[in-house]
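A quick write-up on the structure given underneath.
Quick caveat: nothing in here was measured; it's all calculated off a predicted structure.
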Amino acid sequence: MRNINQRYVRETYDKNGLLKDFRIDCPHDFNFGYDVVDDIAVNDPERRALVWAHENGETRTFTFADMKRMSDKTCNLLKEKGLKKGDFVMLVLKHSYQFWYISVALHKMGIVSVPATYMLKPHDIHYRINSAKIKAAFVTTQTDIADSFDATTDIDSLEHRFIVGGQRDGWIDFDTEVERCSEEWSRVTTRATDKFLMYFTSGTSGNPKMALHDYSYPLGHILLAKHWHQVDPEGLHWSVADTGWAKNAWGKIYGQWIMESAVFVYEYDKFEPSDILDMIEKHRITTFCCPPTMFRLYLNAGLEGHDLSSLKNCCIAGEALNPDTYESWYKATGLKLMEAFGQTESSVIIGTLRGMTPKPGSMGKPSPQYKVKLVDPHGVEVPMGQDGEIVVSIEPRVPGIFKEYYLDEAKTADTLYDGWHHTGDMAWMDEDGYIWYSGRNDDIIKSSGYRISPFEIESVLMEHPSVLECAVTGVPDPVRGQLVKATIVLRESYDPTDELKTELQRYVKMKTAPYKYPRIVDFVNNLPKSISGKVKRVDIRNKDKKGA
C-alpha cells in the first residue's frame, strides 16, 4: 500500500479522535491518471482496482496494472483519431467496465470527460453536443441509447462515435480497435487549473447547466472516501449509481482509488433489492452507499437469508432519511446509516463522518475540508434554528468545488460571488451543530408569515404506510400568500379517497407544527421528474399558477 492520500492531505483530530481540520495540497501539475492510477500500477501492480459483475453471472476483475495498460492503449487510439487536449468527449456507458480506463485515458490526455445518463433522448443529445461542442462519444450497447444518437441531427461537432461492448454499423468498434493499439504512452502535461470533467446538471428551470471541474477535483474526494465512506484499502466499495451521474465520481473512482480501495460495479437492467443484497454477500462488499429509498426497499424485501456481515460502513445521500429505516437497518445489521450532503458542483460539504453519532434526518456537520455557513439573503450568517442558504468559501480555492458553469458567465456570477459558492439549498443548524435540510431556495413555502420547508413535510408523509412518493409545494393564495400542497403517489394497496386525505393531514399535524400541514392534497399516478430522476416541483408550481 502506497498511502497516496497522505501526499496531498494535512489533517488533525480533536481529543475525542474526531476529524478537526482537513487541508489539501494540490501540486500545480497534478493529474489523477499518472499520479494515482499509474503510480499504483507501477509500484503495486496486482492491487485490485475494479470488480465488475453482470446480472448474467459474468464477472471480471481489473488490477491497477490493467487500468494503466488499457488506458494507455486508449490514449493511443484517441490520438490516432485526432483527439487532443482541450477537446470534449461524452461517455454514455451505464455500468460498462470500459468507462474506467476510458476515463483515465481522457484524464491523461487533457481531454474533458463529459459523463451522461443512458436515458437521454435525441433532443437531450442535441442540446448537450452542441452546447459543449462534443468531439466524440463513447456509447454502450447495453441499452438503446445508440438509437437516440443516430436519430439526432445537426450535431456537426461530433466527429467520432465509439460503440462499446459490441458492434454497430457506422460506429467505431472500440473494444476491437483499442486492442491493436500500443501500450506505450508518455505523460501529457496538464495543470491543476485545466478543464477536467463536466456534468450537465438540471436546475428548477431552463436548460441544464454545464458544471465544469478542474484537475484538482479528484483530490476533493479524499475526505469523502476516507472519513464518510470509510473505505478499506484491502476491501471493496460499492456506490449504487451508474456512470452518468456525479454520484459515480463521488463513489466509484476518485477518492476510492486515491485511498487504494477497489470499487465494485454491477451491470443490471432493473433494480431488484434481493439482487443487490446477493451481490453484497457474494462479493463481500465492505463499504456501501445508496439513497435512503433503496435501504427501505431492502428492508421491505427482507434481509433474511442474506449474509451482510462483510459490511463495515453504510452511507446515504440525496433525500430524506426516515428514522424508522435508520432504526430497522441498525437493528438488523448493527450499522448506522451515515448521511452527507453535496452537489454536482461539489464534493461532500456536510456529512456524518467517522466517529460521529448520526441524527436520523440530519445531514451531519460541516465538512472540515470547507468553511461552511448558513446565511440570509444579505449574506449574513443566521442564528441557530433559523433557515439559511448553505454557502461554501472559495477563497482560497479548495479542490472539489466546481470551476464555473461553462460558457455561462451570468449563471456562474449568480453562484460564485463575494468569495462564496452559493448552493441555493436551505438548511438550519441545531444546538449540537448538526445541519438539517429544508429545501431549495425556490422551494421554500411562505405561508401566513411562516417559512415552511417542503423537505420536512415530505419526510413526515413518507413515514405514512400509504405514501410511495410525494412532493410538497406552495400554491398561491390571496389570504395566506401560499398554501401548502402535497402531491402524492400512493402505494398499490391504497385508494385515493377523501378519508385518506384527511388521515394524511392529521398525520402531519401530529408529527410537526400544525401550521405546516398540507391544506391541499392531490393524488396522482406519478410525479414530474427531471432526466436525473429528481422531482420537478417547479412543474407542479407552474401548473397550479396556470389554474390547470
Side-chain angles (χ1 to χ4, degrees), residues 8-11 19-30 32 112 190-201 203 208-228 246 249-250 254-255 258 317 340-351 353 363-382 387-427 429 433 435 437 440-442:
Y8 307 107
V9 170
R10 290 175 290 140
E11 53 189 346
L19 186 64
K20 180 181 179 181
D21 188 55
F22 191 91
R23 294 289 180 268
I24 295 172
D25 295 321
C26 180
H28 75 279
D29 60 348
F30 175 76
F32 175 79
V112 184
T190 57
R191 296 174 299 173
T193 54
D194 285 345
K195 297 186 289 290
F196 173 75
L197 173 74
M198 191 172 78
Y199 283 101
F200 282 82
T201 179
K209 302 182 291 291
M210 296 182 283
L212 180 66
H213 291 275
D214 64 25
Y215 267 77
S216 71
Y217 178 66
L219 296 177
H221 291 290
I222 297 175
L223 180 141
L224 178 161
K226 188 174 185 177
H227 295 288
W228 180 46
W250 277 41
Y254 300 120
I258 296 173
F341 164 83
Q343 301 177 304
T344 301
E345 292 89 343
S346 75
S347 180
V348 164
I349 294 171
I350 298 163
L353 306 181
M363 300 182 291
K365 294 183 178 182
S367 164
Q369 180 172 328
Y370 300 113
K371 181 179 179 182
V372 179
K373 296 196 303 185
L374 305 180
V375 301
D376 67 16
H378 304 289
V380 178
E381 195 163 4
V382 300
D387 277 338
E389 183 186 15
I390 303 168
V391 297
V392 186
S393 177
I394 55 174
E395 293 181 358
R397 183 160 179 78
V398 182
I401 303 298
F402 80 124
K403 184 182 181 75
E404 64 188 43
Y405 290 123
Y406 186 55
L407 300 179
D408 198 327
E409 293 183 2
K411 286 182 179 178
T412 301
D414 284 342
T415 302
L416 303 176
Y417 61 90
D418 294 338
W420 297 87
H421 164 43
H422 291 252
T423 66
D425 288 293
M426 306 293 289
M429 181 182 290
I435 294 178
Y437 189 72
R440 291 292 295 172
N441 212 341
D442 295 340

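Using a 4.5 Å cut-off on side-chain heavy atoms (C-beta onward), K403 and T193 make contact. Taking 4.5 Å as the limit, some side-chain heavy atom of P368 sits within range of a side-chain heavy atom of L353. The side-chain heavy atoms of I349 and S367, taken from C-beta on, include no pair separated by under 4.5 Å. Side-chain contact between I350 and Y437 is absent, with no heavy atoms from C-beta onward closer than 4.5 Å. Residues V392 and V398 are not in side-chain contact: their nearest non-hydrogen atoms beyond the backbone lie 4.5 Å or more apart. Using a 4.5 Å cut-off on side-chain heavy atoms (C-beta onward), M363 and I390 make contact. Using a 4.5 Å cut-off on side-chain heavy atoms (C-beta onward), I258 and F32 make contact. In this structure, Y370 and I401 have side chains that are in contact, with non-hydrogen atoms separated by less than 4.5 Å.
Across P27 and A192, no two heavy atoms sit closer than the pair O-CB, 3.6 Å. When every heavy atom of K195 is checked against every heavy atom of Y215, the shortest pair comes out as O-CE1, 3.2 Å. Residues I24 and L219 share a closest heavy-atom pair of CD1-O, 3.0 Å. Closest approach of A249 and Y254 over heavy atoms only: O-CD1, 3.6 Å. Taking each heavy atom of P366 and G433 in turn, the nearest pair found is CD-O, 4.0 Å. Taking every heavy atom of both residues into account, E345 and K209 meet most closely at OE2-CE, 4.4 Å.
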*Check the pair R397 / D214 against salt bridge (Lys or Arg N to Asp or Glu O under 4.0 Å), numbers first and verdict last.*
CA-CA 11 Å; R397 183 160 179 78; D214 64 25; 3.5 Å; yes
*In sequence, state the C-alpha distance, the side-chain angles, and the governing distance for H421 and F402, and then conclude on side chain to side chain contact (heavy atoms under 4.5 Å, CB included).*
CA-CA 9 Å; H421 164 43; F402 80 124; 3.8 Å; yes
*Does the side chain to side chain contact (heavy atoms under 4.5 Å, CB included) test come out yes or no for E389 and D425, once each step is laid out?*
CA-CA 6 Å; E389 183 186 15; D425 288 293; over 6 Å; no
*asked:* Checking M429 against L374 for the side chain to side chain contact (heavy atoms under 4.5 Å, CB included) test, could you report, in this order, the C-alpha distance in whole Å, the side-chain angles of both residues, the deciding distance, and whether it holds?
replied: CA-CA 8 Å; M429 181 182 290; L374 305 180; 4.1 Å; yes
*Could you walk me through whether D408 and M210 pass the side chain to side chain contact (heavy atoms under 4.5 Å, CB included) test, one step at a time?*
CA-CA 8 Å; D408 198 327; M210 296 182 283; over 6 Å; no
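Judged purely by atom type and a 3.5 angstrom limit, S347 uses its side chain to pair as donor or acceptor with the backbone of G220.
Relative ring orientation between H213 and Y217 is described as tilted, the plane-to-plane angle lying within the 30° to 60° band. Using cut-offs of 30° and 60° for the angle between ring planes, the H221 and W250 rings count as tilted.
The distance from the CD1 atom of I394 to the NZ atom of K371 is 12.5 Å, given to the nearest 0.5 Å. Rounding to the nearest 0.5 Å places CG of D376 at 11.5 Å from CG of D387. The structure places CE of M198 at 12.5 Å from OG1 of T344, a figure rounded to the nearest 0.5 Å. Atom CE of M426 and atom CZ of R440 lie 10.5 Å apart (nearest 0.5 Å).
Separation of the F30 and Y8 ring centroids falls under the 6.0 Å cut-off.
Ionic pairing of R191 and D29 is not present here: no N-O contact between side-chain nitrogen and carboxylate oxygen is shorter than 4.0 angstrom.
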